[in-house]
Undergrad: 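This structure is in structure tokens; I'll ask about it shortly.
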Amino acid sequence: MPEQNMVQALNTALHEMFADDPRVLLMGEDVGKNGGVFRVSGGLYDKFGAERVMDTPLAESGIIGTAIGLAVGGMRPIVEIQFMGFLYPGLDQLFSHASRLRTRSLGQVTVPLTLRMPYGGGIRAPEQHADSAEAYLTHTPGLKVLVPSTPYDAKGLLYAAIEDPDPVIFLEPIRCYRLGRMEVPEGRYTVPIGKARVARPGTDLSLIAWGAMVNLAEKVADKFQEAGISIEVLDLRTLAPLDKEAIGNSVAKTGRCVILHEAPRTGGLAGEITALIMETAFWDLKAPVARVTGFDVPYPAYAWEDFYMPNVSRVSRVVTETLKD
Amino acid sequence: MPEQNMVQALNTALHEMFADDPRVLLMGEDVGKNGGVFRVSGGLYDKFGAERVMDTPLAESGIIGTAIGLAVGGMRPIVEIQFMGFLYPGLDQLFSHASRLRTRSLGQVTVPLTLRMPYGGGIRAPEQHADSAEAYLTHTPGLKVLVPSTPYDAKGLLYAAIEDPDPVIFLEPIRCYRLGRMEVPEGRYTVPIGKARVARPGTDLSLIAWGAMVNLAEKVADKFQEAGISIEVLDLRTLAPLDKEAIGNSVAKTGRCVILHEAPRTGGLAGEITALIMETAFWDLKAPVARVTGFDVPYPAYAWEDFYMPNVSRVSRVVTETLKD
Amino acid sequence: MCLLRENRGPGQQPSFKGALILESWPIYRVMGDGTVAPNVVPNELALKIYQDMVLLRTFDEKALNLQRQGRVGTFPPSLGQEATEIGSAHALSKQDWMAPSYRDHGALYVHGVPFENVILFAMGRAGSLAGDVRALPSSIPIATHLPHAVGLAMAARMQGEDAVAIAYFGDGGTSEGDFHEALNFAGVFKAPVIFLCQNNGWAISTPVSRQTGSATLAQKAEAYGIRGRRVDGNDALAVYQVVRESRERALAGHGPTLIEAVTYRLGPHTTADDPTRYRDTEEVGAWRGDRDPIVRLGAYLDQQGILTADDLEKIRVTALEWVNQAVEAAEAMPPVTPLDMFEHVYATMPPRLIQQLQDFEGSDR
Amino acid sequence: MCLLRENRGPGQQPSFKGALILESWPIYRVMGDGTVAPNVVPNELALKIYQDMVLLRTFDEKALNLQRQGRVGTFPPSLGQEATEIGSAHALSKQDWMAPSYRDHGALYVHGVPFENVILFAMGRAGSLAGDVRALPSSIPIATHLPHAVGLAMAARMQGEDAVAIAYFGDGGTSEGDFHEALNFAGVFKAPVIFLCQNNGWAISTPVSRQTGSATLAQKAEAYGIRGRRVDGNDALAVYQVVRESRERALAGHGPTLIEAVTYRLGPHTTADDPTRYRDTEEVGAWRGDRDPIVRLGAYLDQQGILTADDLEKIRVTALEWVNQAVEAAEAMPPVTPLDMFEHVYATMPPRLIQQLQDFEGSDR
Ligand SMILES: Cc1ncc(C[n+]2csc(CCOP(=O)(O)OP(=O)(O)O)c2C)c(N)n1
Ligand SMILES: Cc1ncc(C[n+]2csc(CCOP(=O)(O)OP(=O)(O)O)c2C)c(N)n1
Ligand SMILES: [Mg+2]
Ligand SMILES: [Mg+2]
């Protein structure tokens with residue numbers, strides 16, 4: 001099995017899907033000759049041509065709206081949005097249409113659409129290129145939201161997304177694109193939608209994370225391990241629908257939980273997870289569920305990025321406090 | 001003091017503000033001669049003319065974007081979006097610009113903009129006219145979000161909004177527009193941003209609500225009162241920034257809490273409030289914090305509306321359960 | 001060349017800019033003065049178009065009545081726009097994709113959606129407007145369905161189908177960003193799509209002169225390098241021909257067309273609207289009578305000896321019968337169930353929805 | 001009438017549609033063959049424009065160097081676009097509002113933002129691009145700042161100011177919905193605003209022919225009933241004149257203008273971009289040399305006897321000195337503080353931000 005980083009795993013998955021299914025298309029800004037700004041679609045244009053790998057005009061709503069039409073009309077479009085912060089002009093297409101067409105038509109009109117985009121911070125990108133806006137999407141019934149943190153999951157979840165009969169948002173943590181390599185099987189396999197992964201089992205405290213925060217959680221777990229404290233790291237992988245069972249099981253076992261996310265704290269997904277813990281593991285809690293997140297400020301320009309981003313020291317402090325009680 | 005319903009209170013407030021401050025403008029679809037589809041701006045056009053009461057082209061992003069320019073340029077624009085479900089094409093202007101211009105310019109460019117819109121269900125409106133999308137906005141640093149539930153608060157909060165130096169979203173619960181009358185003072189007064197209101201004091205359980213759900217909470221409180229159970233109803237009034245202190249105090253006192261909202265459950269504001277309770281009143285909790293909300297479906301067409309909306313029976317059931325533990 | 005001088009009542013200012021006379025954007029017309037094109041619609045089809053227009057008018061009047069009785073909810077009639085609704089839809093084939101707005105039940109009917117479904121829709125039962133036809137559910141948000149039509153058109157072409165897509169929208173719709181993005185995409189990808197803009201003079205209370213500074217809506221096509229056409233939207237035969245021709249051009253690979261059908265909304269925006277707040281009854285009056293699309297087509301068919309006064313009466317009676325049957329059928333439908341609300345959010349209900357449905361069923365209601 | 005034949009290299013297809021020859025949308029030009037207008041720019045100003053263009057070029061080259069050394073972050077140079085950047089900004093008054101994009105530090109500089117602030121911006125320090133000038137922070141999202149310019153223009157008019165607003169954006173920006181909505185609002189409200197579109201042929205890797213089906217970008221003005229102009233964007237004097245004239249018309253109440261400045265991006269999109277992946281070096285080569293805006297203005301000033309080879313050298317040396325000083329000044333600025341990040345979200349920090357700042361300061365970093 002080849003060792004691949006996340007960009008390579010995704011690129012391979014796309015090449016395979018294009019070869020397998022003539023209905024699969026890719027569309028977006030600079031996905032063609034340029035292969036996307038992070039090269040995730042590298043080589044597709046040369047191999048499958050401009051009809052299936054479509055550079056579009058610079059217009060997110062138009063891109064998503066056209067893809068909705070393509071999906072309803074029988075194709076399997078994959079859309080790339082260049083950065084998550086540029087999804088916003090296209091949100092209406094998700095909120096008003098992609099997420100509702102099935103319901104509004106009582107199941108007669110369906111939208112098998114995959115919307116990929118790089119998200120999150122940590123690479124000193126220019127302003128407004130590092131947003132983590134997952135909570136806007138996870139609050140929208142009718143959408144599914146996936147976030148891989150490893151090359152293996154990236155490929156398997158992308159297969160699951162493209163085979164799903166409903167619109168799926170596929171968030172690619174920029175920080176993880178080239179973070180490390182691992183063995184990634186050739187050919188089709190899927191990672192199930194809606195299932196979290198225990199990235200590291202533990203007994204004393206649950207650290208819940210996704211995307212680039214999983215790596216941070218693992219570092220923190222390593223650190224506490226040295227002090228003899230066993231931290232379980234749960235990589236959610238799917239943010240909608242959330243794996244309530246896995247969350248409940250982990251927290252019921254450990255009795256303590258800290259949730260991490262890059263997005264600003266208020267209204268971030270940590271709140272929802274906390275509410276799910278109330279429903280599943282309240283009586284097991286030995287300490288309040290805590291969270292380490294981005295601050296309630298717009299993601300700052302990169303000179304301030306290190307201040308904004310959760311790091312080992314900030315997480316450790318909250319973990320220590322949560323262990324105290 | 002005159003007795004007014006919410007539409008009248010808002011209308012009076014607008015008339016007064018227009019008379020007091022020549023920088024105040026209103027813009028939106030059908031706000032002029034038609035006075036807005038709910039008549040909140042009735043009479044303004046005749047009194048203050050088309051220059052200050054501007055019917056705009058049908059384009060939410062253009063409306064909000066132009067208003068941002070007007071605000072930066074020295075005016076005090078009030079925008080009306082016709083229904084909250086039609087805000088979505090304009091979200092980018094809020095997420096990328098209105099909420100960030102102060103930060104991005106380190107305080108040099110400011111956006112004193114008030115964005116009003118009817119929201120929520122319960123009046124058998126056509127499809128997509130009944131969304132409660134407050135959680136998209138409360139997760140956006142840089143915005144403030146207000147929701148009055150009474151005519152008095154409506155007027156006082158609108159004054160607070162328009163005098164605020166930052167962008168304020170002002171949500172008007174459609175269900176409350178003509179729900180009842182109360183005494184509303186003439187002339188200027190403000191209700192402070194960021195302060196919840198104890199709509200009804202109680203000792204056994206806290207019901208936290210906003211908008212049209214406050215009225216429902218009061219009905220439930222009445223019902224339990226008869227059984228000798230004392231329920232405190234907290235009307236949040238401001239959804240961003242949340243009044244963490246008031247929430248914490250109430251739940252610390254009662255030890256039990258149920259949160260109500262119309263929006264779909266997952267990712268709704270109840271999650272954030274639950275997380276705040278973790279931070280402020282965890283050790284006082286006698287039962288898990290629970291929530292009664294809309295279901296995780298797009299707000300349905302009105303034949304299904306009664307199934308969707310939280311009602312006395314659904315809330316009572318959860319309250320009873322929460323009291324059991 | 002016939003100019004749309006009817007838009008100006010005697011001694012009146014033009015009530016909206018769509019009415020301005022612009023030689024470079026002539027109004028295409030078949031019936032009436034200064035006819036620019038001979039009629040090519042066969043008699044039988046013309047008669048069918050007439051019947052459907054009467055049916056639509058009858059239906060709308062019935063629905064307005066039902067709304068007043070509280071038997072249906074908010075309803076947007078298409079009074080005055082029957083020529084565009086019916087003429088355009090008859091120019092399509094069943095294979096074509098339709099992306100309608102809330103006011104386009106007339107076009108949907110011709111495309112295959114029964115009127116009882118329209119009643120159901122007005123009774124707050126979504127889902128009724130898509131059926132065994134190639135149509136999207138009517139778009140409630142303005143103009144944001146236009147990109148869907150572009151995608152549908154491209155999908156049809158990619159799959160080698162002999163089909164186009166058509167989007168219906170109003171003058172107000174031309175202001176939305178998605179109008180621009182859709183027409184621009186269509187121009188770049190030469191999609192076989194027709195953008196049918198019904199310029200009925202008003203977007204609720206906003207006249208088209210407040211909607212844009214351009215003299216016509218058709219000229220907006222210039223911005224995308226695509227074809228634009230103005231047509232007399234109260235002339236069903238002209239509308240039919242322009243749509244037909246646009247369809248053929250699209251199928252032949254010549255790309256999209258933006259059609260501005262100049263018409264007038266005779267009724268309220270919806271039953272919740274009171275148009276006397278914002279427009280003169282005189283203006284409305286000027287569009288009634290001779291300019292009414294049904295009167296016009298009737299007179300034309302009469303002139304051509306295609307139908308007699310007797311036929312006319314029969315058509316009206318039959319229409320009423322049909323409509324009453326549709327109402328009965330709709331009102332006889334089984335009531336909605338909570339399951340409907342939960343089961344169509346995703347192909348497979350996720351655990352949280354199963355749980356929520358169970359909770360719902362466990363509760364008192 | 002001079003046509004932009006330079007867009008076609010010998011034996012080459014036009015590389016983008018902005019280059020097509022369209023008599024109805026002529027390209028306005030002062031310098032070079034087939035001049036359509038005499039120069040009205042006074043010598044002194046022409047010289048100043050030239051100096052600023054050299055300064056901008058020098059600055060961009062320096063910034064590219066700093067980026068390679070890791071001293072600044074991702075940077076978007078305006079190499080090749082100096083005539084439009086500098087010529088346009090000199091046509092404004094200090095009272096005018098500027099709504100720039102990320103690539104418009106040249107225009108901002110002329111409007112009053114020092115180059116050290118531009119360096120700070122490139123060092124990841126937002127806030128540096130708005131200052132004691134009437135300008136918004138450079139818009140990162142494409143074209144969504146255009147409505148702001150409309151609002152700023154309306155605000156200036158309402159307050160009786162003698163000021164217009166100008167928005168800078170690229171060819172790619174014309175595809176966004178907000179481009180449409182802004183121009184449409186400007187047309188309806190006759191706002192005193194100038195939309196300056198720099199058609200530099202490319203939006204990252206996407207050629208303008210993929211951006212729109214229209215033959216020119218200027219003709220998009222037709223859709224809004226507003227004035228459109230094409231100008232040779234490598235002719236600083238022509239750009240100056242077109243902007244000046246548009247400004248005067250706007251102030252006189254004649255409404256907005258869409259200006260398409262036809263130019264070329266000689267460098268990468270940003271330092272993170274590799275243009276060899278998507279465009280021929282020949283195409284780039286054809287825009288260097290004689291067609292370089294600095295070479296052209298230099299030659300013209302030389303012809304007119306306004307500056308000598310000696311002056312030229314002096315200008316270059318001075319520019320380098322200034323730029324080096326700007327870099328020093330920027331690098332000498334005190335480092336950013338966490339407080340900066342918290343204190344400008346709202347006028348007054350809400351309790352949760354005070355709490356978060358305290359938490360932050362209580363932590364190890
Ligand atoms: C995005 C959006 N904004 C606002 C509305 C509210 N609204 C419904 S119909 C309408 C006017 C539409 O006018 P037009 O496009 O001319 O169509 P017509 O109703 O005349 O057929 C408005 C503003 C909406 N449905 N969608
Ligand atoms: C809304 C939005 N979508 C996508 C991007 C990513 N992006 C940055 S620059 C660019 C190309 C812009 O091209 P153009 O408008 O021609 O301006 P130029 O860079 O040529 O000056 C793209 C796609 C963005 N910044 N904003
Ligand atoms: Mg209309
Ligand atoms: Mg460009």
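Per chain, numbering begins at 1; letters A, B, ... match sequence-line order.
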Undergrad: Identify the residues of residues 152-160 of chain D whose heavy atoms come closer than 4.5 Å to a heavy atom of chain B, ordered by number, or report 'none'.
TA: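 D:L152, D:M154, D:A155, D:M158, D:Q159 fall under the 4.5 Å cut-off.
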
Undergrad: If you count heavy-atom pairs under 4.5 Å between each of B:S61, B:P165, B:G107 and chain D, which one has the most?
TA: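 Among the listed options, the one with the most contacts to chain D is B:S61.
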
Undergrad: Ignoring hydrogens and geometry, is there a side-chain-to-backbone donor-acceptor pair from B:D166 to D:A347 under 3.5 Å?
TA: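 Yes; at least one donor-acceptor contact below 3.5 Å.
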
Undergrad: Side chains of D:P351 and B:E245: does their closest heavy-atom pair fall under 4.5 Å?
TA: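 With C-beta onward as the side chain, the pair stays apart.
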
Undergrad: In terms of heavy-atom pairs under 4.5 Å, which option from B:Q93, B:E51, B:R23, B:M27 contacts chain D the most?
TA: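 Looking at each option in turn, the highest pair count goes to B:Q93.
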
Undergrad: Which atom pairs, one a donor and one an acceptor, fall under 3.5 Å between side chains of residues 185-196 of chain D and the rest of the protein, sequence neighbours left out?
TA:
none

Undergrad: Are D:H344 and B:Q108 linked by a side-chain donor-acceptor pair shorter than 3.5 Å?
TA: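 Per modelled atom types, D:H344 and B:Q108 side chains form no pair under 3.5 Å.
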
Undergrad: Going by heavy atoms in the side chains, are D:V345 and B:R102 under 4.5 Å from each other?
TA: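 In short, these two side chains do not touch, never coming nearer than 4.5 Å.
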
Undergrad: Is any side-chain heavy atom of D:E181 closer than 4.5 Å to a side-chain heavy atom of B:P57?
TA: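 Side chain of D:E181 against side chain of B:P57, heavy atoms only: no contact under 4.5 Å found.
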
Undergrad: Just do the side-chain contact (heavy atoms from CB on, under 4.5 Å) check on D:Y346 and B:D164 with the steps written out, would you?
TA: CA-CA 10 Å; D:Y346 300 96; B:D164 197 276; over 6 Å; no

Undergrad: Are the side chains of D:P137 and B:V109 in contact, using a 4.5 Å heavy-atom criterion?
TA: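 Side-chain contact under 4.5 Å: yes.
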
Undergrad: So D:R352 and B:K244, do their side chains get closer than 4.5 Å, heavy atoms only?
TA: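 The answer is no; the side chains never approach within 4.5 Å.
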
Undergrad: Using the rule given for side-chain contact (heavy atoms from CB on, under 4.5 Å), can you reason through D:L136 versus B:H97, listing the C-alpha separation, both sets of side-chain angles and the distance that settles it, and then say yes or no?
TA: CA-CA 10 Å; D:L136 297 181; B:H97 295 296; over 6 Å; no

Undergrad: Say whether, by atom type as modelled, one donor and one acceptor occur between the side chain of D:R134 and the main chain of B:G73 under 3.5 angstrom.
TA: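 No, the answer is negative, given that no donor and acceptor are paired below the 3.5 Å cut-off.
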
